[in-house]
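Below: the structure, in structure tokens.
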Amino acid sequence: MSVRVRVAPSPTGAPHLGILRTALFDFLCARHHRGTMILRIEDTDRNRFVPGCEEEIMASLRWLGIDWDEGPDVGGPFGPYRQSERKEAGIYAIWVQKLLDEGYAYWAFDTPEELEEMREYQQVNRQPVGYFGGTWRDASGAQVEAARASGKPGVIRLKMPRGRLLVCDDLVRGRVEFDSDTVDDPVLIKADGMPTYHFAAMVDDHLMEITHIIRGVEWISSAPKHVWLFEAFGWTPPQFVHVQVINGPDGKKLSKRHGDTRVFDFKYAGFLPEALANFVALIGWAPGGDREIMSMDELVEAFELDGLQPSPGVFDIEKLRWMNGHYLRGLSGESLLEKVGAYSGDPDVRAFWARDEHAALPTGPALADLSRALTLDPALAEEAFVLVRERVVTLADFGEACDFVFVDRPVMDPAAVGKWLTVPHARRLFECLAADLVSPEDAISVEACERLVRSFAEGHGIDKLGPVVHPVRVALTGRTVGPGLFELMSVLGRRRMIERFENALRLLP
RNA sequence: GGCCCGGUCGUCUAGUGGUUAGGAUGCCGCCCUUUCAAGGCGGAGGUCGCGGGUUCAAGUCCCGUCCGGGCUACCA
């Protein structure tokens with residue numbers, strides 16, 4: 001039987017790392033087994049529905065390189081793929097009626113207040129909390145008819161068996177057993193007529209012929225409800241795969257408190273999708289051996305569900321940064337130009353860096369300058385990107401890393417000026433170089449730059465290169481750190497260098 | 001409280017009865033060198049949560065215990 005897996009997010013908030021990871025595992029599993037990847041939107045909660053969220057979910061997944069064969073936007077033979085639409089189509093009503101008819105489900109008309117009271121009572125009496133019988137589990141047909149006739153709002157609950165062992169066969173954790181007496185009767189259909197997750201997801205998984213339910217461990221406690229549902233219907237349950245969710249550094253479930261966990265925030269922060277995907281795939285799964293840097297194709301090729309780790313994983317942003325830098329270094333000048341261009345010109349990226357928590361950083365303005373410079377002189381920009389490629393970690397770093405290339409006058413770091421523009425030979429050095437640089441041609445090779453600097457040193461009895469290199473670097477970039485001097489000089493060109501030397505001469509004591 | 005899941009360097013992990021417990025990241029040092037990176041090399045960092053067993057031999061199997069986490073909604 002061919003593998004069919006689904007990622008089933010609910011549009012209740014911006015998609016975060018957790019859903020991304022689950023989706024990635026679904027995707028890798030589907031592609032590895034040449035099976036089918038399905039996207040299903042679980043929009044059964046009308047109160048928490050967030051408009052636009054579904055679009056962001058799809059955009060986030062696609063950004064990462066995850067696509068699907070069946071889904072609300074692409075259709076498929078098992079549609080519709082939105083649960084609200086499936087509800088409208090009457091799908092859940094048919095199946096819950098079957099359960100009602102066969103005595104596996106029942107109507108319950110408790111008010112929210114009554115339920116709250118029940119829970120309080122159970123808590124103070126140290127009893128298991130939940131709907132274990134209530135007044136409606138064994139109510140007579142006449143009572144139910146009367147309640148329905150009176151127009152009382154009611155829900156349909158699943159009648160859990162008593163005195164039974166319920167087994168969830170989990171691919172990651174093995175056999176997980178539950179005493180059915182410890183699990184209460186879950187609501188299947190809410191008073192507004194919408195199905196709950198417990199009901200809709202299981203019915204859909206069966207109807208859509210899902211072979212593996214890959215979901216977060218937080219679902220494992222409700223697994224007995226799900227396996228019972230399958231048994232009540234007489235269906236064979238899919239393979240359960242409960243993957244550990246990603247935790248924050250404090251060991252707690254990753255949330256807003258841990259900073260940016262929204263998938264698109266990583267995009268806005270300048271991470272490459274291939275780096276994020278590679279990194280996230282390695283939390284809770286390892287290909288064996290020492291492999292770490294892996295393309296999506298390599299991940300697909302190596303991925304196996306039974307390599308999944310049962311223990312929780314902590315999201316280590318430092319390692320992500322390393323990996324992102326690694327991917328950045330592997331990019332050609334051409335693709336750097338394309339990626340940095342798209343990034344620095346993205347209004348969402350600008351908005352990200354303009355947020356309160358980032359507004360004080362120089363990153364936003366630097367990116368804006370870069371975007372402008374890039375459209376003015378793409379060829380120069382490309383050279384600049386290659387120049388600093390080894391020194392950046394994210395796309396966002398390019399702005400500050402190469403701003404000195406584009407500005408008319410570099411911003412002079414006072415400490416740098418104090419240290420290197422005060423050397424005795426500075427004046428002579430800048431005058432000589434500026435004079436030597438004069439030529440009708442603006443371009444100059446790296447080798448020529450090196451010859452220029454070296455010959456000055458030799459001609460003036462300076463045996464080490466440092467005392468010459470450092471003042472030149474400060475004159476040209478305003479800083480003491482940066483790319484190799486000769487490379488940087490070549491990128492700048494003769495005209496810019498002459499201007500900057502003249503500018504530096506005015507700063508000399 | 002009840003039920004369930006988890007526990008190998010700070011972090012991600014390899015490991016399926018016999019390894020000096022390996023790799024990666026981060027940290028430190030050295031090399032390279034015009035700085036910073038990158039890269040190369042090396043180092044520190046783990047009584048495999050703890051305690052008992054089983055075994056000639058246990059991170060690996062069994063029991064207990066502690067700690068962490070999840071669920072306990074007409075949310076997913």
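Treat the numbers as computed from the prediction; the structure is a model and nothing was measured. Convention: sequence-line order gives letters A, B, ...; per-chain numbering from 1.
- Among the nucleotides rC4(B), rC12(B), rA14(B), the one closest to the side chain of Ala286(A) is rA14(B).
- With rounding to whole Å, Asp290(A) atom CG is found 11 Å from rG15(B) atom P.
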Return all side-chain donor-acceptor pairs below 3.5 angstrom for residues 411-422 of chain A, not counting sequence neighbours, or 'none' if the list is empty.
| residue | atom | partner | partner atom | Å |
| --- | --- | --- | --- | --- |
| Asp413(A) | OD1 | Ala415(A) | N | 3.2 |
| Thr422(A) | OG1 | Gly418(A) | O | 2.8 |
| Thr422(A) | OG1 | Lys419(A) | O | 3.4 |

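- The gap from the P atom of rG51(B) to that of rU13(B) amounts to 25 Å, rounded to the nearest Å.
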note = B/S/- along nucleotides 27-39 of chain B (protein heavy atoms under 4.0 Å) is -------BBBBSS
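- Comparing rG23(B) with rG69(B), their P atoms sit 32 Å apart, to the nearest whole Å.
- Remark: rA38(B) base-pairs with no nucleotide; criterion is Watson-Crick or G-U wobble with both hydrogen-bond distances under 3.5 Å.
- Here the closest non-hydrogen pair linking Ala281(A) and Leu28(A) is CB-CD1, 4.4 Å.
- With hydrogens and angles ignored, the 3.5 Å screen pairs a side-chain donor or acceptor of Ser180(A) with a backbone N or O of Pro161(A).
- Taking atom P in both rG17(B) and rU33(B), one finds a spacing of 50 Å when rounded to whole Å.
- Heavy atoms of Gln123(A) sit nowhere under 4.0 angstrom from any nucleic acid atom.
- Here the options are His212(A), His226(A), Arg40(A), the test is side-chain hydrogen bond (donor to acceptor under 3.5 Å, both in side chains), and the partner is Asp205(A); only Arg40(A) passes.
- Met160(A) and Pro186(A) get closest at one heavy-atom pair: CG-CD, 4.0 Å.
- Sorted by first and then second residue, the salt bridge (charged side-chain N to carboxylate O under 4.0 Å, His left out) pairs involving residues 150-168 of chain A (not counting sequence neighbours) are Asp138(A)-Lys159(A), Arg162(A)-Asp185(A), Arg164(A)-Glu231(A).
- A gap of 16 Å separates the P atoms of rA73(B) and rC3(B), to the nearest Å.
- Residue Asp316(A) is in base contact, counting any heavy-atom pair closer than 4.0 Å across all strands shown.
- When all heavy atoms of Ile214(A) and Thr22(A) are compared, the closest pair comes out as O-CG2, 3.6 Å.
- Atoms CG (Asn278(A)) and P (rA24(B)) sit 15 Å apart, rounded to a whole Å.
- Protein atom CH2 of Trp285(A) is 10 Å distant from nucleotide atom P of rA14(B), rounded to whole Å.
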request  = Could you encode protein contacts along nucleotides 69-76 of chain B as a string, one character per nucleotide from 5' to 3', using B for base contact, S for sugar-phosphate-only contact and - for no contact, with a heavy-atom cut-off of under 4.0 Å?
outcome  = SBSSSBBB
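- With a 3.5 Å ceiling on both atom-pair distances, rA58(B) lacks any Watson-Crick or G-U wobble partner.
- Separation of the P atoms belonging to rC36(B) and rC30(B) is 12 Å when rounded to the nearest angstrom.
- Nearest heavy-atom pair, Ser295(A) versus Tyr327(A), reported as atom, atom and distance to 0.1 Å: N-OH, 4.3 Å.
- One interatomic measurement links the two molecules: CG of Leu17(A) to P of rC12(B), which rounds to 14 Å at whole-angstrom precision.
- Trp285(A) and Phe303(A) have their aromatic ring centers within a separation under 6.0 angstrom.
- Here Val176(A) lies in heavy-atom contact (under 4.0 Å) with sugar-phosphate atoms only.
- Nucleotides rG1(B) and rA38(B), compared at atom P, are 49 Å apart to the nearest Å.
- Nearest heavy-atom pair, Pro72(A) versus Arg82(A), reported as atom, atom and distance to 0.1 Å: CB-NH2, 3.5 Å.
- Nucleotides rC4(B) and rG40(B) have their P atoms positioned 49 Å apart, rounded to a whole Å.
- The side chain of Ile283(A) lies closest to rU13(B), out of rU11(B), rU13(B), rG6(B).
- Atom-to-atom, CD1 of Ile317(A) to C1' of rG10(B) comes out at 16 Å; the value is rounded to the nearest Å.
- As rounded to whole Å, 15 Å separates atom P of rC12(B) from atom CG of Leu308(A).
- Under 4.0 angstrom from either OP1 or OP2 of rG2(B) there lies no side-chain N or O belonging to Gln122(A).
- A salt bridge is defined here as a Lys NZ or Arg NE, NH1 or NH2 lying under 4.0 Å from an Asp or Glu carboxylate O, and Lys319(A) with Asp316(A) fails to meet this definition.
- Under the 3.5 Å distance criterion, the side-chain polar atoms of Asp403(A) are left unmatched by any main-chain donor or acceptor of Leu370(A).
- Across every strand in view, rU16(B) sits unpaired, with no contact that passes the Watson-Crick or G-U test at under 3.5 angstrom.
- To the nearest whole angstrom, the two C1' atoms, one in rC27(B) and one in rA44(B), are 9 Å apart.
- Legend: salt bridge (charged side-chain N to carboxylate O under 4.0 Å, His left out) pairs involving residues 480-492 of chain A, not counting sequence neighbours: none detected.
- In this structure, Met294(A) atom CE and rC12(B) atom C1' are separated by 15 Å, rounded to whole Å.
- Here rG2(B) presents its C1' atom at 11 Å from CD of Gln127(A), a figure rounded to the nearest Å.
- Across all strands shown, rA24(B) forms a Watson-Crick or G-U wobble pair with rU11(B), both key distances being under 3.5 Å.
- Applying a 4.0 Å cut-off to non-hydrogen atoms, the residues of residues 158-174 of chain A that approach RNA chain B are Arg173(A), listed by residue number.
- Between the side chain of Thr196(A) and the backbone N or O of Val187(A), at least one donor-acceptor pair lies under 3.5 Å.
- Under the Watson-Crick or G-U wobble criterion, with both distances below 3.5 Å, rG6(B) is paired with rC67(B).
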